[in-house]
Engineer: 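Take a look at this one; I'll ask things after.
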Amino acid sequence: MQKEGYATDITTDMALEFLKGLDGEQPFCLVYQFKAPHRPFTPAPRHAHLFDDVEIPQPETYGDDFATRKIAALAEDMKFDISLAPDYDDIPEGLSEGEKKDWIYQRFMKDRYRTIYGVDENLGRVLDYLDETGWADDTLVIYTSDHGYFLGDYGWYDKRFMYEPSIRIPLVVRYPNGGISGNVTDALVMNVDFAPTILDFAGVEIPEGVQGESLRPLLQGTEPDDWRRSVYYAYFEDSWVLHGKGAEAMSEPSFQYFTPHRIGPHRGVRTDRYKLIEYYAEGDYWELFDLQEDPNELRNVYDDAAYADLVAELKAGLRRLQVQYGDLGV
């Protein structure tokens, strides 16, 4: 099936078509997702010149040198000036390398925000329909995304690394008749929590095999005493190929992977303050960050003797979560 038009508009047209086909009494579940803002960031023609007069600020880590993070230093093709230049045929001539990077960054960011503006417009169309039909008060709306994104952080675009810009995602929930009203929480939640949350609000028994926890108490303003104190992350690829000679190569950072943006598979655990990352295909290479003292994750303190006891504690927690979530591979 082919439909002509702008994809975000068409997705919303189809969502509204579904809603308008309901009789107003039956329960429904609408999973309403956009391709935007995935690359290429193509705004609707009506938004092509939004933000033309705006200068997008650069993040603090825009010029990071990766001094203590050897795997991150290999991710060359996540940099604006290396892999994004071919995407633009109108880069002004005569720019220095730094000026070219800055030009690409501004264009990239504005196109992303223009694309997101289209998402906001179209989400508004659906929320307006819920208001018009009188269904809004009794409808659970969950607004979230599949992953975060590097927006000039570390000079990068894209995702995958277990750094904060990539693993943090928006999560806003609305359900007026469900006791949710302006509650904000710092509790640690995961995307595996979404399914049991929906089942809980719908009055459906949560199957034993579901790994997440219902967010209902958090949304209603109460954090259970036994709520998790750490979250688990895993990025894996089944296509990685090691360059090197046997086990002796595993301790060297000279090899790379045929994965998107040269990011090797890794896993980690994050608490409210600390983050431990294991690059398990890179030999015995780890990163530890103190997010309170180093929120931008620029200083890997894994080898600092002062953190030795914490490392042991976090490693034990990581292995426990691997078992809990059934991630028992390499």
Engineer: Hey, does the side chain of W227 reach the backbone of L188 with a donor-acceptor pair shorter than 3.5 angstrom?
Structural biologist: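 Judged by distance alone, yes, a pair lies under 3.5 Å.
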Engineer: Evaluate the criterion side chain to side chain donor-acceptor pair (under 3.5 Å) for residue pair N122 and Y32; output intermediate values, then yes/no.
Structural biologist: CA-CA 11 Å; N122 279 283; Y32 171 46; 5.1 Å; no
Engineer: Kindly confirm or rule out a cation-pi arrangement of K100 over Y88, judged by NZ or CZ under 6.0 Å from the six-membered ring centre and within 45° of its axis?
Structural biologist: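 Not flagged: K100 not positioned over aromatic ring of Y88.
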Engineer: Check L30 against A15 and note the closest heavy-atom contact, atom names and distance.
Structural biologist: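 Looking at all heavy atoms of both residues, the shortest contact is CD2-CB, 4.1 Å.
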Engineer: Is the terminal nitrogen or CZ of R112 (NZ for Lys, CZ for Arg) located under 6.0 angstrom from the six-membered ring centre of Y149 and within 45° of that ring's axis?
Structural biologist: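 Here R112 passes the 6.0 Å and 45° test against Y149.
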Engineer: Ignoring hydrogens and geometry beyond distance, is a side-chain donor-acceptor pair present between T42 and Y6 at under 3.5 Å?
Structural biologist: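 Per modelled atom types, T42 and Y6 side chains form no pair under 3.5 Å.
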Engineer: Between F80, F66, Y105, which is the residue that forms a ring-ring contact (aromatic ring centres under 6.0 Å, His included) with W156?
Structural biologist: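 Answer to the ring-ring contact (aromatic ring centres under 6.0 Å, His included) test with W156 among F80, F66, Y105: F66.
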Engineer: Is D87 paired with R107 through a side-chain N to carboxylate O contact shorter than 4.0 Å?
Structural biologist: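 Not counted as a salt bridge, because no side-chain N and carboxylate O are separated by less than 4.0 Å.
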Engineer: Quick one: are the ring centres of Y154 and Y163 less than 6.0 Å apart?
Structural biologist: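 Close enough - the centres of the two rings lie under 6.0 Å apart.
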Engineer: Should E278 and K315 count as an ion pair when the cut-off is N to O under 4.0 Å?
Structural biologist: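 Salt bridge: no.
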Engineer: Flag the pair H47 / E121 as yes when at least one side-chain heavy-atom distance between them is below 4.5 Å, and no otherwise.
Structural biologist: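 They are in contact (side-chain heavy atoms under 4.5 Å apart), so the answer is yes.
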Engineer: Using atom types as modelled and distance alone, determine if a side-chain donor or acceptor of Q220 lies under 3.5 Å from a backbone N or O of G178.
Structural biologist: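 Checking the backbone N and O of G178 against the side chain of Q220, a donor-acceptor pair under 3.5 Å is found.
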Engineer: In this structure, are over 12 heavy atoms from other groups packed under 6.0 Å from H49 atom NE2?
Structural biologist: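 Not more than 12 within 6.0 Å, no.
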Engineer: When you compare the side chain of L215 with that of V173, does any pair of heavy atoms fall below 4.5 Å?
Structural biologist: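 A side-chain contact under 4.5 Å is absent here.
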Engineer: M14 and side chain to side chain contact (heavy atoms under 4.5 Å, CB included): which single residue from T12, I10, T11 fits?
Structural biologist: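 With M14 as partner, T12, I10, T11 yield a single side chain to side chain contact (heavy atoms under 4.5 Å, CB included), made by I10.
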Engineer: Can you find a heavy atom in the side chain of T271 that is under 4.5 Å from one in the side chain of R229?
Structural biologist: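 They are not in side-chain contact.
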Engineer: Both conditions, 6.0 Å and 45 degrees, for the charged tip of R114 above the ring of F51: are they met here?
Structural biologist: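 Negative - R114 is either too far from the ring of F51 or too far off its axis.
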Engineer: For E287 and H266, does a side-chain donor sit closer than 3.5 Å to a side-chain acceptor?
Structural biologist: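 Not at all, the side chains of E287 and H266 share no donor-acceptor pair under 3.5 Å.
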Engineer: Under the side-chain hydrogen bond (donor to acceptor under 3.5 Å, both in side chains) test against D290, which residue among K275, R299, R273 passes?
Structural biologist: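 So, applying the side-chain hydrogen bond (donor to acceptor under 3.5 Å, both in side chains) to D290 and each of K275, R299, R273, only R273 qualifies.
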Engineer: Answer whether the closest heavy-atom distance between the side chains of F161 and I277 falls below 4.5 Å.
Structural biologist: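 The answer is no, as the side chains (C-beta and beyond) never meet within the 4.5 Å cut-off.
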